[in-house]
Amino acid sequence: MDSDKKIDDYKSRHKEWSALSLNQLSTVNNVFASLAIGFLAYIFKPDLFLNISISIFKPELKPTMISYSLIALIISIIFGLLVLLTRLYDFRISRHLVLTRQRTMEHYKTAKGLLPNNKRRPVNSCHRLGVFFRIVFCEIDYISKQDIKKLVKSTIKKRFEKLQRLSDILGTTTWRWLKIQILFFLLSIVFYGIYLFR
């Protein structure tokens with residue numbers, strides 16, 4: 001009985017820390033996206049294109065560094081936007097997975113052996129890009145209430161596993177791309193610092 005209380009306590013803590021973690025993810029993404037856009041407005045001057053053309057045709061340290069800073073900044077902003085999109089779809093799919101579990105339990109009056117728990121599998125860059133293009137350009141195969149009533153359990157299970165895999169890849173993609181966003185922002189600052197002090 002004591003162990004059951006402890007398990008419930010750990011579950012409750014896990015939920016709280018998950019919520020805090022997601023909240024912090026949103027905050028960090030927003031802060032770095034705002035800083036990147038603000039920094040872009042700061043370094044973007046009319047003579048910038050002249051510096052970029054000089055760095056392309058006649059490599060010199062100062063114009064090259066401002067060019068690198070600008071490129072890194074633009075990449076950081078792009079990854080910030082990608083993080084927003086992946087996070088949005090990850091939350092939407094995760095919410096749907098919980099709703100599908102609830103509807104399935106209500107329909108079959110049991111929770112045992114119906115829908116599987118998420119099995120973590122390795123994710124690579126091809127998975128991330130494939131899933132990103134899939135969520136943007138293709139329709140997501142959500143499971144409706146009617147599907148649960150009409151379809152065989154095994155079909156629902158397969159579709160549910162596909163949605164779980166999609167959510168898992170989107171979750172890891174969000175964290176990976178957030179790190180890349182921060183890295184390119186910091187690189188941009190470093191290049192701009194070299195430009196100023198050389």
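Quick caveat, the model's predicted, so the values are computed rather than measured.
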More than 12 foreign heavy atoms under 6.0 Å from CZ of R134: is that the case here?
no

Result of checking L163, L166, I143 against L97 for side-chain contact (heavy atoms from CB on, under 4.5 Å)
L163

Heavy-atom pair with the smallest gap, counting every atom of S167 and D90
OG-OD1, 2.9 Å

Working to the nearest 0.5 Å, report the span between OG of S144 and NE2 of H96.
8.0 Å

For a quick test of reading the model, state the closest non-hydrogen atom pair linking I194 to M65 and the distance between them.
CG2-CG, 3.5 Å

About how many Å separate CD1 of I93 and OG1 of T100, when rounded to the nearest 0.5 Å?
11.0 Å

Side chain H127, main chain N124, donor-acceptor under 3.5 Å:
yes

Start with the C-alpha gap between R87 and W177, add the side-chain angles, then the distance that decides, and say whether side-chain contact (heavy atoms from CB on, under 4.5 Å) holds.
CA-CA 11 Å; R87 201 175 78 228; W177 287 357; over 6 Å; no

Between T172 and I169, which heavy-atom pair has the shortest distance, and what is it?
OG1-O, 3.0 Å

Rounding to 0.5 Å, atoms CZ (R176) and NZ (K179) come to a distance of 6.5 Å

Hey, could you give me each pair passing salt bridge (Lys or Arg N to Asp or Glu O under 4.0 Å) that has a residue in residues 136-149? Not counting sequence neighbours.
D141-R159, D147-R159

List the atom pairs, donor and acceptor, that lie under 3.5 Å between side-chain atoms in residues 68-80 and the rest of the protein, sequence neighbours left out.
{"from": "S69", "atom 1": "OG", "to": "S188", "atom 2": "O", "distance (Å)": "2.9"}
{"from": "S69", "atom 1": "OG", "to": "S188", "atom 2": "OG", "distance (Å)": "3.1"}
{"from": "S76", "atom 1": "OG", "to": "Q181", "atom 2": "O", "distance (Å)": "2.9"}

